[in-house]
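Note that the structure is predicted; figures quoted are calculated from it, not measured. We count residues from 1, following the sequence as given. All ligand and atom numbering here is 1-based and tracks the order in the structure.
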Amino acid sequence: MSVRVVARIRPLLETELDKDIIVRPDGAEAGGPHTIVKIPNPKNQAEDFSFAFNAVYDQSTSQETLFTSEVQPHLKSLFQGYDVTIFAYGVTGTGKTHTMRGGLKLADRGVIPRLLSGVFRRGKKIAKDSEGNTTVNVSLSYYEIYNDKVFDLLEPPEKRTPSGLPLRAEASGRTVVAGLSERACEDLRDFEKLYIEANNNRVTASTKLNAHSSRSHAILRVKVTQTTDEMIRESTVSAIDLAGSEDNRRTDNGKERLVESAAINKSLFVLSQCIDAISRGDKRIPYRESKMTRILSLGQNNGITIMFLNLAPLRSYHLDTLSSLNVSSRAKRIEVREIENEVVFKQFPRSAGSHTVQRQPLRPLA
Ligand code: ADP
Ligand code: MG
């Protein structure tokens with residue numbers, strides 16, 4: 001199983017002055033999805049470059065279609081114990097936040113609220129079908145990485161320390177944020193309250209900084225815990241809205257911006273280097289060179305990874321679009337080991353008296 005890379009071309013916005021559409025989907029078999037993105041060679045407009053992806057969605061694709069086709073099928077795997085990672089990559093203004101968070105109107109809601117809704121629905125069904133033998137708990141962490149520092153978005157901005165939270169490697173090999181808060185969530189309403197509050201924290205913490213959100217990576221981690229008398233199964237789904245991948249050297253940046261740009265450029269640059277190294281089959285992958293890549297650990301974490309490549313169709317984005325097409329089309333070759341998380345078996349009745357918890361790996365699904 002490799003990383004599934006899905007391109008989404010956003011529509012032209014009413015407010016946009018540039019109406020020169022240069023990015024087009026192609027390569028659909030009769031009735032099937034598009035698989036190719038075409039864009040002119042900036043040095044020779046008569047020539048098109050083609051980039052192949054697992055799927056390409058055009059400007060008419062609704063939030064619902066994108067979710068049902070690309071995310072919903074993995075809910076089952078999540079409850080079977082696989083970790084799922086979904087991230088949005090692309091230039092600022094191409095629709096990453098629209099894809100992940102979306103708008104408030106029901107039809108505009110993005111991947112994240114739909115995902116949570118699916119998690120709660122499936123969790124309730126599993127609990128009900130088990131006739132009370134399985135309890136399902138959902139909890140949430142939400143943080144941002146800004147200038148290579150980690151800040152908890154579930155805590156008020158006053159509680160932030162300038163250096164942010166440290167990362168720690170778990171015994172399982174997974175990298176986690178130390179001291180991150182985790183909130184239990186009973187239902188979609190709970191989630192929405194927390195999520196809105198957290199997004200407000202993000203804004204409040206950054207009133208002095210314009211366009212802060214396009215300069216930080218926002219990471220939502222949803223933990224699903226299924227508990228029966230015999231076992232505990234834990235799996236997580238992470239939804240990541242990455243900082244804009246534009247080349248900030250080309251835009252007018254003030255001093256403060258330059259510090260930020262360096263950090264953003266660096267983490268996204270390290271990400272592209274990791275993608276290259278993995279797709280070349282290198283032994284040494286430069287994960288450790290930024291916090292974002294340590295956390296994302298592409299190709300290292302078990303489970304399922306979906307990369308949304310967001311694209312604006314316009315000429316004004318030409319060079320940045322080309323560079324993000326280049327990075328993401330190489331990501332397809334990343335292999336992800338699809339292995340369930342270990343189930344923790346509780347003490348069996350036979351071994352009464354002992355309070356040890358046995359860890360026993362389940363065999364991978366055939
Ligand atoms: P990013 O997070 O990548 O910077 P946004 O998600 O903020 O980009 O999108 C930029 C603008 O384009 C927003 O006004 C958003 O509502 C709009 N937009 C993006 N994608 C779509 C889409 N698929 N359909 C309609 N509007 C979109
Ligand atoms: Mg955004």
Side-chain angles (χ1 to χ4, degrees), residues 5-19 21 23-25 33-34 37 53 55-71 86-114 142-146 153 195-196 198-203 205-206 209-220 239-248 250-251 257 260-261 264-265 267-268 271 292 306-325 327-328:
V5 187
V6 174
R8 183 188 204 186
I9 306 171
R10 76 153 164 82
L12 181 70
L13 307 175
E14 273 173 29
T15 49
E16 271 169 325
L17 300 174
D18 174 10
K19 310 216 183 285
I21 292 188
V23 179
R24 292 194 165 78
H34 294 289
V37 172
F53 296 97
V56 176
Y57 291 88
D58 68 15
Q59 79 284 345
S60 67
T61 309
S62 69
Q63 299 281 61
E64 186 183 6
T65 301
L66 192 77
F67 178 78
T68 356
S69 326
E70 295 297 336
V71 181
I86 305 163
F87 68 98
Y89 178 89
V91 181
T92 297
T94 57
K96 294 181 297 298
T97 304
H98 179 79
T99 296
M100 300 306 283
R101 192 197 305 176
L104 291 172
K105 275 198 284 177
L106 221 53
D108 290 341
R109 298 203 310 174
V111 161
I112 288 171
R114 286 170 198 271
Y142 190 32
Y143 59 99
E144 67 175 344
I145 307 179
Y146 180 68
L153 288 171
Y195 191 53
I196 289 170
N199 284 323
N200 287 341
N201 284 344
R202 197 175 178 202
V203 175
S206 62
L209 300 170
N210 244 338
H212 168 92
S213 73
S214 63
R215 290 161 191 278
S216 74
H217 312 295
I219 298 148
L220 177 76
I240 305 171
D241 186 348
L242 289 177
S245 69
E246 60 274 13
D247 185 345
N248 287 287
R250 278 208 295 275
T251 52
R257 287 295 169 70
E260 290 174 23
S261 295
I264 299 156
N265 279 344
S267 62
L268 288 167
L271 175 64
M292 184 266 282
I306 303 151
M307 173 176 189
F308 283 118
L309 167 65
N310 288 99
L311 299 168
L314 302 166
R315 185 173 300 277
S316 43
Y317 290 77
H318 202 160
L319 295 183
D320 282 323
T321 300
L322 262 178
S323 110
S324 64
L325 282 164
V327 169
S328 48

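- The heavy atom nearest to atom 2 (O) of ligand 1, considering only Ile9, Thr97, Asp58, is found in Thr97.
- At a 4.0 Å heavy-atom cut-off, ligand 1 touches Arg8 through the side chain alone.
- Neither the backbone nor the side chain of Ala88 comes within 4.0 Å of ligand 1, counting heavy atoms alone.
- With respect to atom 26 (N) of ligand 1, the closest heavy atom belonging to the protein is Leu13 CD2, 3.9 Å.
- The protein does not reach atom 13 (C) of ligand 1 closely, with no heavy atom under 4.0 angstrom from it.
- Enclosure of atom CG in Leu17 is not indicated, since only 12 or fewer non-hydrogen atoms of other residues, nucleotides or ligands lie within 6.0 angstrom.
- Contact annotation: Thr94 has at least one heavy atom less than 4.0 Å from an atom of ligand 1.
- For the pair Gln63 (side chain) and Leu106 (backbone), a donor-acceptor distance under 3.5 Å is absent.
- Thr92 lies apart from the Mg ion (ligand 2) in this respect, since none of its N, O or S atoms is found at a distance under 2.8 Å.
- Atom CG of Leu220 is separated from atom OH of Tyr142 by 6.5 Å, given to the nearest 0.5 angstrom.
- Taking any N or O of Thr99, backbone or side chain, none lies under 3.5 Å from an N or O belonging to ligand 1.
- Of all heavy-atom pairs spanning Val37 and Ala7, the tightest one is CG2-CB, 4.1 Å.
- A salt bridge is absent between Glu70 and Arg8; no separation between the charged side-chain nitrogens and carboxylate oxygens falls under 4.0 Å.
- Nearest approach of Ser245 to Val91, heavy atoms of both residues: OG-N, 3.4 Å.
- Rounded to the nearest 0.5 angstrom, Tyr317 OH and Leu311 CG are separated by 11.0 Å.
- When heavy-atom distances to ligand 1 are checked against a 4.0 Å cut-off, Val91 comes that close only through its backbone atoms N, CA, C and O.
- Interface of Thr92 with ligand 1, defined as ligand atoms under 4.0 Å from a residue heavy atom, comprises 4 (O).
- The residue among Gly95, Ala312, Gly110 with a heavy atom at the shortest distance from atom 5 (P) of ligand 1 is Gly95.
- A 6.0 Å sphere centred on CD of Glu16 holds more than 12 heavy atoms belonging to other residues, nucleotides or ligands.
- Heavy atoms of other residues, nucleotides or ligands lying less than 6.0 angstrom from NZ of Lys105 number 12 at most.
- Atoms of ligand 1 lying under 4.0 Å from any heavy atom of Lys96, numbered from 1 in the order shown and given with element: 1 (P), 2 (O), 3 (O), 4 (O), 6 (O), 8 (O).
- Distances shorter than 4.0 angstrom occur between a heavy atom of Pro11 and an atom of ligand 1.
- At the top of the distance list for atom 21 (C) of ligand 1, counting protein heavy atoms only, stands His98 CD2, 3.3 Å.
- Distances shorter than 4.0 angstrom occur between a heavy atom of Gly93 and an atom of ligand 1.
- Side-chain atoms of Ile21 and Leu314, non-hydrogen and from C-beta on, do get closer than 4.5 Å to each other.
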